[in-house]
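Right, one structure below, let's go through it.
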Amino acid sequence: DGGITQSPKYLFRKEGQNVTLSCEQNLNHDAMYWYRQDPGQGLRLIYYSQIVNDFQKGDIAEGYSVSREKKESFPLTVTSAQKNPTAFYLCASTSLLTGLAGGRNTGELFFGEGSRLTVL
Amino acid sequence: AQTVTQSQPEMSVQEAETVTLSCTYDTSESDYYLFWYKQPPSRQMILVIRQEAYKQQNATENRFSVNFQKAAKSFSLKISDSQLGDAAMYFCAYRNPPYNNNDMRFGAGTRLTVKP
């Protein structure tokens, strides 16, 4: 089935360590996103990418890094510079294509099941 | 950057009753998308309903409908005949179209409790 796969589902990290969260999609979507979710703060955008080898910072990019070497993959690295990394991380993707005969894109994001990172 | 505000951190409704969740947003654009997503305890984000700004007609999906007021930049969600399975966090979201800075912004969420 088509969808977005995030791994691992749960991850524990010691302070000072870098960790990488995986996000893979087989929906042939162009754009991919990483969000961080903390209690009471909704989803905050970390990074997004609209095309391979290109990505843009979101609102809270400090302490994070990403790469987009393949259309299907958009891994997120949480570096030791991120001061408070314990959170729930969501990956999402969407198509940038319009429909046939110039029809409009639906605009929705499709989400993975998330990864819970805990710093010990 | 565009902002999305949900002023109700928590809401409660009796089963079979109707509840309305509020959302306002700030943008200078005329072409954009608006969404309501549901996040149950499993934390999987599920699309509830979408609205395109150029469409004046309010979107409906079964028991879910929206009241889209473009001039007021308001986008509320009405849930009719509430069911126990509707209990979840609900997020309002705004997105520019693909040709214009393609990011999506979310509100802080409203936690909906459904009482039997």
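Computed from a prediction, not measured in an experiment: that's the story for all the values here.
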Task: Parallel, tilted or perpendicular: rings of Y35(A) and Y33(A) (30°, 60°) - done: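 Correct class here is parallel.
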
- [ ] Check each atom of R43(B) against the heavy atoms of chain A and say whether the ones under 4.5 Å are side chain, backbone, both or neither.
- [x]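 For R43(B), heavy atoms of backbone and side chain both lie under 4.5 Å from chain A.
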
Task: Q39(B) versus chain A, the contacting section by heavy-atom distance below 4.5 Å - done: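 Just its side chain gets close to chain A.
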
Task: Y32(B) ring center near Y94(B) ring center (under 6.0 Å) - done: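 Between Y94(B) and Y32(B), which both carry aromatic rings, the centre distance is below 6.0 Å.
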
Open item on the list: What verdict does the salt bridge (Lys or Arg N to Asp or Glu O under 4.0 Å) test give for D54(A) and R68(A), after you've listed the backbone C-alpha separation in whole Å, the side-chain angles of each residue and the deciding distance to 0.1 Å?
Closed with: CA-CA 7 Å; D54(A) 187 48; R68(A) 187 89 186 274; over 6 Å; no

Task: Contacting region of L45(A) [heavy-atom separation from chain B under 4.5 Å] - done: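 Side chain only.
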
Task: Any residue meeting side chain to side chain donor-acceptor pair (under 3.5 Å) with T18(B), in chain and number order, not counting sequence neighbours - done: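 Once residues adjacent in sequence are excluded, T18(B) has no partner under the side chain to side chain donor-acceptor pair (under 3.5 Å) criterion.
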
